[in-house]
Amino acid sequence: MQIRVTVLGPGVADGVDVTVTAPAGTPLSAVVGSLASVVTPGGSTPGAVYCEDRRLDPALSQLGQPPLVDGAVLSLHRPLEGPGAEPVPARLLVASGPDAGGVHLLRGGTATIGRSADTDIPLDDPDVSRLHCALTLSPDGTITVADLGSTNGTWLDGRPVREHPVALPSGGILRLGESALRVLTAAERPAAPALGGQPAPGAAPDRRGGASGPPPEPPPTRVQRRVGWGRRASGRPEEAPPEPVAAERVPRVAPAEESRWPDLAALLLLAVESGPRLWERRAGSRDAYGIRLGTAQSPADGLPPVTVSLPAVGSLGLAGPRERIAGLARAVLAQLAALHPPSALELVVLAPGRAAEWSWLGWLPHTRPARGQDCRLLLGFDEEQVAARLRELTEIEAPGEGRSPARRSVVLVDGGLSPAAAQRLARLAVEGPATGVHLLCLAETPPATPSSPVAETLGAARSASPAFAACGSVGLLSGAMATAVRLVGPDGRPGPAASADAVSPAWVERFARALAPLREEGVGGAGGAQPGTAPLPESCRLLDVLELSRVTPASLRRRWAGGTGLPLVLGAGERGPVSFGLGGSRVPLLVEGGPRSGRTETLNALAASLAATLGPRELSLLLVEGEGEGLAASAELPQVASHVGATDPVRIRAFAQALRGELKRRALLLGGTSFDPRRGFGEGLTPAAGELGEGRVVAPRSGGEAAGQEPEPPMRARGSAPLPWLVVLVDDLPALVSPPLGAPGRQAAGSMMRALDAVRREGPALGVRLVLAGGPPAGEDPLRLAVAARLVLTGAPPGRGELRTVDGGRAPTQAGRITGRIPRTATLRPTVTRLDWARLGDPPARRPVRELGNGPTDIALLASAAARAASPKESASATPV
């Protein structure tokens, strides 16, 4: 388990980002000393540790459990200021403008707003006066606003506000310069309406699409995080405030239209509070991958959003002064991360030399590699990292004619790139949208003004970057202070000016930390956001994933007794174990990978996973080798009925004949029986009445045979005996079905290929399943494996891959290892290391797994325990659990 946290200590204002690696359940006390030494070398162990304003008990607080999760901020010796648990009468939300996204807590009295840092609520808006206006929250809950002699004036729902206080109506929009603000009281915070294309208000969004009745209860636990609110505007009390004047309401944009494009303050609350709208947009949603760049400059018409759709324009360029386009880009990326889950959106950063500016993206779960990329995070902060990210992006396959990508990649491009990388990006801007890759390119230019017309500014940006020139649309900052944005379409004609939304570095830091510990419920991303786990491990022990760290006959008997169907645990994923329903699948499972990818080890692990689920009377395994003896380690499992290799053509031919005979026998026994794959053959499915045929030629070994006794005679089918599952596992398929000239098995290759093809065609209805490794021979597909579930291994590190199902689902996986020996306990010692964001785009360090040199292998332990668990003598003497 790994978590990334920030540690604050005496004299360390910004904190130190660290990675904590430890076994699950490790108490905080095991790493407190290491945390203190990282912050203050040579310092003593702190007397107290705080997470925000909450003091933690190091002996009781566990790493990986709230609040010690990804993104947490720990303070040594003293507490931090948090939002507090006491109720807040009202909140001021900065809904739009150059300093959008702010959430300020109003606790009573008068609070001043302006550009000056001395005001209670400072705004980074050059069109706002240093002391612009004042809000007053009365004891009875009434909120008023008064202008303080500002240069550009204060507007409330399109009407000017003077020095005399005016009452703020519910949901009223306050405009100051280019900024738009809203005040919400505690009583005025109803559930937000659903996103466009989602269920209507009052119905909870079904995480699989559609409505599902009343809103669900909130999760029983919430992750406590550092909220990082703006300064608390408790204000200054007044003795006799003037009597407020009621403001007349004016027509404004429909709430449903505004709800489709939530403002950045609402998105911050959504992230911090894990609101129901978090990650609601999927690939097929109405506004999927749409971006709000700002709001129309119409003070009398609410906040009409100015939006652009990435699937429609392909790629988007942002041009303007450096500080302003960076704020707008931060707002764009935050919107995408808040509204789209990691299963629908991947964020990639190409920004050489700018790690300090964009490292906040590393907290987001959207930057974790999910397609087997050889890096810890999808970041490119130097030329080598940029080249690696570009290779990975160009390898993404198109979804097929008439289909849209189920997951899209948004690539931030910022900074100077090599000529070769710039040309590849230009091609990617044109060709990438077809595979779901969209660029967000930044170009530093002066704002569009009368002295620098739109055409001249765009020309300068496009000449500086070929990728920017290939973008379908451009958001061009304009105005003397670059606080407005004009959307320029493919035709080159600019749209009307709008107030540009931008957020500060501090805002995105706390926003990203709020999302850091979250994950999606369920494999493949179906479900809401919950506290999450660490990225994929570099190595994965299968017995740990199966929760069989201490494998015993008793533990196996309990698992066999509760086994249903034919679940196949592949290994570890980002959201827990990754499984494949082999029993319910009507297509083969194909394990693909090149040399040293861990393909044979993965096939052994799949055999062990099956053997840990069902006993020998419910499951038979047939092992077939194309070349070598890689599956010999699995041959000792009592569920293995046969193990043949391509070097013996006589046995191969006899095996193929017996396998086809088994299919015919099962078809005869099951004549007229409707097979339900959810129940399986070990759950009461009995042969049909009539001819029972001969005994199985692939009968499993009994416990007595495994112990060296004489084998029992072949099992004969009985009218009351259920048929077991039969799984055929084939390694090195190309060498088996298409051996080279002179190979011993060449004469029997045709027989084996016909037998495997019969299993593929007839097996799904007969309880026979096929697991293959190696893929079809180049240019051939004799078994019609174009339609198959795939575990694609990349080999970096060995066992790293992605499960791809026929319905388009994808799940990153670190396949389990089973032939290694028991790992040394020293490898599980908790460690704390400094986090270097600039290097997280590098390939992870390869550390060989340290094993006990004189102990048995994991698969030998499993085979021994399984043989004893299947022994009638041990089963009879076992104490019922």
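Here the structure is a predicted model, which is why all the values come from computation and not from measurement.
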Test item: [X] side-chain N/O and [Y] main-chain N/O as donor-acceptor pair under 3.5 Å:
X      : Y      : answer
Gln385 : Ala838 : yes
Thr112 : Asp120 : yes
Gln335 : Arg292 : yes
Arg486 : Gly495 : yes
Arg4   : Leu835 : no
Ser129 : Thr151 : yes
Ser315 : Leu439 : yes
Thr435 : Gly432 : yes

Please name the pair of heavy atoms, one in [X] and one in [Y], separated by the smallest distance, quoted to 0.1 Å.
X      : Y      : answer
Val485 : Ser478 : N-OG, 4.4 Å
Val386 : Ala421 : CG1-CB, 4.3 Å
Ala95  : Asp501 : O-OD1, 4.5 Å
Val503 : Ala331 : CG2-N, 3.6 Å
Pro505 : Arg330 : CD-NH2, 3.5 Å
Leu278 : Leu518 : CD2-CD1, 3.5 Å

For this session: Indicate yes or no: does Arg513 engage Glu509 in a salt bridge with an N to O separation below 4.0 Å.
Result: yes
For this session: Answer yes when Glu802 and Arg407 have at least one side-chain N-carboxylate O distance shorter than 4.0 Å, and no when they do not.
Result: no
For this session: Could you walk me through whether Arg324 and Glu178 pass salt bridge (Lys or Arg N to Asp or Glu O under 4.0 Å), step by step?
Result: CA-CA 13 Å; Arg324 296 298 178 190; Glu178 293 288 345; over 6 Å; no
Working to the nearest 0.5 Å, report the span between [atom1] of [X] and [atom2] of [Y].
X      : Y      : atom1 : atom2 : answer
Leu417 : Ser465 : CG    : OG    : 7.5 Å
Leu442 : Ile325 : CG    : CD1   : 5.0 Å
Ile113 : Ile121 : CD1   : CD1   : 4.5 Å
Leu92  : Leu181 : CG    : CG    : 5.0 Å
Trp507 : Asp99  : CH2   : CG    : 11.0 Å
Leu428 : Arg424 : CG    : CZ    : 9.0 Å

Exercise. Would one find more than 12 heavy atoms of other residues, nucleotides or ligands at under 6.0 Å from atom CD of Glu383?
Worked result: no
Exercise. Is it the case that more than 12 heavy atoms not belonging to Arg322 sit under 6.0 Å from its CZ atom?
Worked result: yes
For this session: Check the angle between the aromatic planes of His366 and Trp279 and answer parallel, tilted or perpendicular using the 30° and 60° thresholds.
Result: perpendicular
For this session: Measure the acute angle between the ring planes of Trp358 and Trp360, then classify it against the limits of 30° and 60° as parallel, tilted or perpendicular.
Result: tilted
In the structure I gave you, are the side-chain heavy atoms of [X] and [Y] within less than 4.5 Å of one another anywhere?
X      : Y      : value
Arg182 : Asp263 : yes
Leu316 : Cys471 : no
Leu412 : Leu347 : no
His132 : Asp147 : yes
Leu390 : Leu350 : yes
Leu293 : Ile291 : yes
Val183 : Val145 : no
Cys375 : Arg389 : yes

Problem set entry | cation_pi(Arg286, Trp261) dist<6.0 Å, angle<=45 | no
Exercise. Will you find, in the side chains of Ser96 and Thr295, an N or O donor that is under 3.5 Å from an N or O acceptor?
Worked result: yes
For this session: Report yes or no: do Thr445 and Thr457 form a side-chain donor-acceptor pair below 3.5 Å?
Result: no
Problem set entry | side chain to side chain contact (heavy atoms under 4.5 Å, CB included) assessment of Arg281 paired with Leu345 | CA-CA 10 Å; Arg281 290 183 181 171; Leu345 174 68; over 6 Å; no
For this session: Go through the steps to decide whether Phe511 and Leu333 satisfy the test side chain to side chain contact (heavy atoms under 4.5 Å, CB included), and finish with yes or no.
Result: CA-CA 11 Å; Phe511 168 83; Leu333 295 169; over 6 Å; no
For this session: Kindly indicate, with the supporting measurements, whether the criterion salt bridge (Lys or Arg N to Asp or Glu O under 4.0 Å) is fulfilled by Arg839 and Asp382.
Result: CA-CA 9 Å; Arg839 303 263 53 93; Asp382 62 25; 2.5 Å; yes
For this session: In sequence, state the C-alpha distance, the side-chain angles, and the governing distance for Arg175 and Asp125, and then conclude on salt bridge (Lys or Arg N to Asp or Glu O under 4.0 Å).
Result: CA-CA 12 Å; Arg175 280 193 176 270; Asp125 185 341; over 6 Å; no
Problem set entry | Residue from Arg408, Arg371, Arg368 passing salt bridge (charged side-chain N to carboxylate O under 4.0 Å, His left out) with Glu346 | Arg371
For this session: Report the C-alpha distance between Asp374 and Thr794 in whole Å, list the side-chain angles of each, state the deciding distance to 0.1 Å, and finish with yes or no for side chain to side chain contact (heavy atoms under 4.5 Å, CB included).
Result: CA-CA 9 Å; Asp374 191 17; Thr794 63; over 6 Å; no
Exercise. Under the side chain to side chain contact (heavy atoms under 4.5 Å, CB included) criterion, do Ser409 and Leu393 qualify, and how do the steps go?
Worked result: CA-CA 8 Å; Ser409 303; Leu393 290 168; 4.2 Å; yes
